[in-house]
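Okay, structure first, notes after.
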Amino acid sequence: GALALGALVLARNVNPGQGYKEVLQHWLKRYLVTYKVAKSMYFLTYEDISQLEEFSERRLADLLSFANEIASEADIPAQVNVVERHPNKPQNIVAVDIGATRTKFLVAQKWVQIADKNMDDIKSDGEMSLLPALSSRDLWREDRVSSETDLKGDNEAGADHKNETSPRQSSPPTSPPGSPSSYNTTAVSTRMRAHLEDNDIDCTAVHRVVFSVPGTVELAGVYRDRLTVVKNMPSFSRKFRGLDFQKAFGPIFPGSKISALSDNMGAALGAACLSPNVKSGLVLVLGTAPAVATFFRDPSGKDKYIETGIWQSWVWFSKIPLSDPYGYCGGIKMDKETGRITIKPPNAYKIPHRQARIRFALDNNTWLRFMGRNPHLDKSVQKPLDIKEATDIWANRLQSSLNKLAEKFHDIYGPPEVVYVLGGNAVRCHGLISSARYETSDHSMAVQVPVLIPKEDAKQQMMHMAGLVYSTQFKVKQVFAPGQDPLARGWTRGGEICMWVKRREFQNKKKDKSTGYVHKKHL
């Protein structure tokens, strides 16, 4: 099939006046693109090629790398899908967590059994290894950086929220690849490969790469098992909108299937992975801005699927009482006539105030203000507090937020079994909060739910990274955008509910004790 299609393309598109070498190069390029398209349609499988003596696995990896490059030049969506061809062999995976401050890396095996173990055992056994993190600013900068497009440039200018789209607005169109306003990843991929090689990782031996993005991933390709395109990353430059991770990093991972998912969804999957006996959970991530996700496991007990949800409306529109005199900064404004919602600038404030939306009561700018270091406010309105006083205020706000969010969860799924709190701004509350307490909407009963806050930042990272590894065992089969959620389709980090169904090779898979972790030096 590939040869026939290649011959057809050659016959229709080659200029008879070209020289022999030019014709051959032209034919080779078009044939490789045709091969790539044919392979994606499963005309030609990995086994078919590997059985040919003249195609070694090394040459096949080179061929796939070249096909990725050509497909990128031709603007053809490239998706190397060779991983599932050998379901019984250990698969090496690299997880990349892109944060506003740091980009973190983890190497593991796809088949490693992490659901039965706690994080300490995973780390001590060496089944998953965290690599040194890199500064996101240094890693993700382009070759040509201007003051307008520098990484976090908008964020530093106080537009942590400026890129976010209101519920009644659609996301702005993305620029086509190669346009002046599109993001150039050439230097980024070079730096990433160098960092991995410095840590003894052979990129050609990696089978799966999963990126976690601080924003949303475009869901248009979900039914083709292709989640690779960024929809929005508000803490980064606007030029990241439309970035295709497969096109950008396929050349340095020639034999890999590449995917991406939002950071709070990765956190929810991580909590589900490391707590196999928990049927439902609520996950709050405290970073640059608070983010909420949920997971709900297959009630039949067969673990066929996990339902995850991103409920950003819960933090944007739910208000908590403030028992402290420090109010909040930022906020949103709603036009009563048109219903249009706009985001106030970060230097707007109401200090003191009796209540605040969770989004602005627990964001990183609030903690910086407690420390007297908020760059958007005058020093006169942010007198620094000592650590103990600031932590007590923060914990009180967090307690009120968890009570409200757990009640929201109850209205949809029933009471959560556990509430997880992750993120850099959560560690300081370890030991201060042990449960979330609320009454049901009809005031028929009082509910108390345990709260889990990891003690160390490394454990939080491992939980999030475990979610990225765990995601490789699933396909997203269904996506819902609930109409009652005002943030559905068009607000930062969306409002989607995803149904993750276990891949065939993972269904009812028994633990293989003979499969050990391949040390990173052997990758």
Side-chain donor-acceptor pair under 3.5 Å between Q448 and Y438, yes or no? no
Please determine, by modelled atom types, if S136 and T103 share a side-chain donor-acceptor pair under 3.5 angstrom. yes
Considering non-hydrogen atoms only, spot the tightest contact between [X] and [Y] and give its length.
X	Y	result
Q246	K257	OE1-C, 4.5 Å
G250	I258	N-CD1, 3.7 Å
S280	F409	CB-CZ, 3.8 Å

Taking [X] for the side chain and [Y] for the main chain, is one N or O donor matched with an acceptor at less than 3.5 Å?
X	Y	value
D138	L134	no
R297	V278	yes
S189	T186	yes
S129	V107	no
R193	C203	no
N364	G287	no
T472	V469	yes

Can you tell me which residue among V419, L282, L402 is in a side-chain contact (heavy atoms from CB on, under 4.5 Å) with V449? V419
I want to know whether F253 and F249 have ring centres closer than 6.0 Å. no
F474 and Y305: aromatic ring centres closer than 6.0 Å? no
Are any non-hydrogen side-chain atoms of [X] and [Y] less than 4.5 angstrom apart?
X	Y	answer
V230	V217	no
I93	H207	no
L286	L398	yes
L405	L284	yes
Q312	V292	yes
P454	L422	yes
P290	D363	yes
F296	I412	no

Relative to the ring of W140, is the ring of F245 parallel (under 30°), tilted (30 to 60°) or perpendicular (over 60°)? perpendicular
Walk me through it: do T308 and W500 pass the test side chain to side chain donor-acceptor pair (under 3.5 Å)? CA-CA 8 Å; T308 61; W500 299 76; 2.8 Å; yes
Test log, rule side-chain contact (heavy atoms from CB on, under 4.5 Å), inputs L196 and F105: CA-CA 9 Å; L196 293 173; F105 300 85; 4.2 Å; yes
Check the surroundings of atom NZ in K404: do more than 12 heavy atoms from other residues, nucleotides or ligands lie under 6.0 Å from it? no
Should D457 and R102 be marked as a salt bridge (Lys or Arg N to Asp or Glu O under 4.0 Å) after you check the CA-CA gap, both sets of side-chain angles, and the distance that decides it? CA-CA 13 Å; D457 184 57; R102 296 178 298 167; 3.3 Å; yes
Output, in order, the C-alpha distance, side-chain angles, deciding distance and verdict of side-chain contact (heavy atoms from CB on, under 4.5 Å) for W311 and T294. CA-CA 8 Å; W311 304 94; T294 61; 3.0 Å; yes
To the nearest 0.5 angstrom, please state how far the [atom1] atom of [X] sits from the [atom2] atom of [Y].
X	Y	atom1	atom2	answer
L452	M463	CG	CE	5.5 Å
L227	K475	CG	NZ	11.5 Å
M233	F240	CE	CZ	5.0 Å

Which residue pairs pass the ring pair (Phe, Tyr, Trp, His ring centres under 6.0 Å) test with at least one member in residues 267-289, sequence neighbours excluded? none
Where do H464 and D97 land on the side-chain contact (heavy atoms from CB on, under 4.5 Å) test, with the steps shown first? CA-CA 8 Å; H464 188 183; D97 177 19; 3.4 Å; yes
Under the salt bridge (Lys or Arg N to Asp or Glu O under 4.0 Å) rule, what do R226 and D244 come out as? Steps first, then yes or no, please. CA-CA 10 Å; R226 187 172 183 271; D244 189 329; 2.7 Å; yes
